Peer 1: 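Sending over a structure as structure tokens; questions will come in a sec.
Predicted model, so just to flag it, every value in this text is computed and none were measured.
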Amino acid sequence: MESIQHKIVRVNGIQMHVAEKGGEAEDSQVILFLHGFPELWYTWRHQMLALSSLGYRAIAPDLRGYGDTEAPGSITSYSSLHIVGDLIALMDSLGVEKVFVVAHDWGAIIAWHLCLFRPERVKAFFCLSVPFRPRNPNRKPIETLRAFFGDDYYMCRFQEPGKIEAEIDRWGAKEVLKRILTSRKPGPPCWAKENPFGINPERPITLPPWLSEEDLDYYATKFNQSGFTGGLNYYRALDLNWELTATWTGAVVKTPVKYVVGELDSVYTTPGIKEYVDNGGFKKDVPLLEEIVVMENVGHFINQERAEQVNNLIYEFISKF
């Protein structure tokens, strides 16, 4: 881990923290790793070490609002146009014309927008967990999610500024992160008003082999410093994204894509997603989609839970290009 270099880069009006490894050769190809919620560049530690050892230049930023990257105060500063703008500026600042993108969770959502907005900057996209979702021109996202899953659905629960942050403060960042990162419950995550994270001090959680106490401490320390509001603002900007992306209604993603997901993943097992992925809708919207991989008995945080397997699949995919 000590071999991973860190720097702060000025991009799109904010200071962005970037972790980097590899790329000593002038012709090294670049992999841009994009994390999700509630994570950091650190989620890619295994992938960065493995892929850089194979000659790639691995770059993993803390996205806007996370970790050591600046967190603007306004919800409207967290649209996909802002985040993709950060990434284009990052690539420009590093002198990189085209990248392989590897992304998970919210990082995957941003990566889908990157492929739509600036396809000429992406060689290929290795996607974990969150498939492409075509824009529904007739209904805003939060209204739709509330109608399907109710007010307790986690994305609906996140909408009111300060409310879920107060619950996190009540239980503590480390305990909340432990609960989220170790969850293996399939289906749409619904959180009750009282104790939304289901934390019971009398029944402590045992960490799985892929998540050490040291890992958890790193995440908790950074979130204690920066807070969770930046990451939560991505959810609060969902309806704004819908408004801003009307131009791309019906657009097809023309980037080569590999999609890998765990069979217990709460996204994949949310009603409607598995059907879209497995029954041809996904392939219709992403014509260059390669054979889908569904890993047995694997949850949402797949790149950490099955690091070696994911590393091999990434290399197998990107080495074709």
Peer 1: Counting heavy atoms not belonging to Glu296, are there more than 12 under 6.0 Å from its CD?
Peer 2: no

Peer 1: Flag the pair Glu165 and Lys163 as a salt bridge only when some basic side-chain nitrogen lies within less than 4.0 angstrom of an acidic carboxylate oxygen.
Peer 2: no

Peer 1: Using the ring pair (Phe, Tyr, Trp, His ring centres under 6.0 Å) rule, pick out the option among Trp191, Tyr153, Tyr234, Trp106 that qualifies with Phe158.
Peer 2: Trp191

Peer 1: How long is the span from the CD1 atom in Ile83 to the OG atom in Ser77, to the nearest 0.5 Å?
Peer 2: 9.0 Å

Peer 1: Looking only at heavy atoms, what is the nearest atom pair of Ile4 and Ala19, with distance?
Peer 2: CG2-CB, 3.8 Å

Peer 1: Sub-3.5 Å donor-acceptor pair from the side chain of Gln159 to the main-chain atoms of Met155, do we have one?
Peer 2: yes

Peer 1: Output yes when Glu143 and Arg146 qualify as a salt bridge under the 4.0 Å nitrogen-oxygen rule, no when they do not.
Peer 2: no

Peer 1: Would you kindly confirm whether Trp248 and Phe125 end up in one hydrophobic cluster when ILVMFWY residues are joined by side chain heavy atoms under 4.5 Å apart?
Peer 2: yes

Peer 1: Sort out for me which residue in His104, Arg45, Met48 forms a side-chain contact (heavy atoms from CB on, under 4.5 Å) with Phe33.
Peer 2: Met48

Peer 1: Between Pro72 and Arg64, is there a side-chain heavy-atom distance shorter than 4.5 Å?
Peer 2: yes

Peer 1: Do the ring centers of Phe126 and Phe100 come within less than 6.0 Å of each other?
Peer 2: no

Peer 1: Does the ring centre of Phe282 sit less than 6.0 Å away from the ring centre of Tyr259?
Peer 2: yes

Peer 1: Start with the C-alpha distance between Lys174 and Glu213, add both sets of side-chain angles, then the distance that settles salt bridge (Lys or Arg N to Asp or Glu O under 4.0 Å), and finish with yes or no.
Peer 2: CA-CA 10 Å; Lys174 185 173 180 178; Glu213 199 70 36; 2.7 Å; yes

Peer 1: Given the rule in the side-chain contact (heavy atoms from CB on, under 4.5 Å) test, do Val18 and Gln5 qualify, once you have shown the distances and angles that lead to the verdict?
Peer 2: CA-CA 8 Å; Val18 181; Gln5 298 180 329; over 6 Å; no

Peer 1: Taking atom NZ of Lys98 as the centre, report whether more than 12 heavy atoms of other residues, nucleotides or ligands fall under 6.0 Å from it.
Peer 2: yes

Peer 1: Taking the side chain as every heavy atom from C-beta outward, state whether Met295 and Val310 have any atom pair closer than 4.5 Å.
Peer 2: yes

Peer 1: Main chain of Leu40, side chain of Thr43: is a donor-acceptor contact present, judged purely on distance under 3.5 Å?
Peer 2: no

Peer 1: What's the separation between atom CD in Glu308 and atom CD in Gln47, rounded to the nearest 0.5 Å?
Peer 2: 11.0 Å

Peer 1: Would you please indicate if the ring centroids of Phe132 and Trp112 are separated by under 6.0 Å?
Peer 2: yes

Peer 1: Listed by chain and number, what are the ring pair (Phe, Tyr, Trp, His ring centres under 6.0 Å) partners of His46, not counting sequence neighbours?
Peer 2: none

Peer 1: Given Asp92, which partner from the list Arg121, Arg10, Arg118 fulfils the salt bridge (Lys or Arg N to Asp or Glu O under 4.0 Å) test?
Peer 2: Arg121

Peer 1: Rounded to the nearest 0.5 Å, what's the gap from CG on Asp105 to SG on Cys127? Could you check?
Peer 2: 10.0 Å

Peer 1: Report yes or no: does Lys283 contribute a side-chain atom to a donor-acceptor pair with the main-chain N or O of Leu289 at less than 3.5 Å?
Peer 2: yes

Peer 1: What I want to check is whether the side chains of Asn224 and Thr221 have a donor and an acceptor closer together than 3.5 Å.
Peer 2: no

Peer 1: Please name the pair of heavy atoms, one in Pro119 and one in Thr255, separated by the smallest distance, quoted to 0.1 Å.
Peer 2: CB-OG1, 4.5 Å

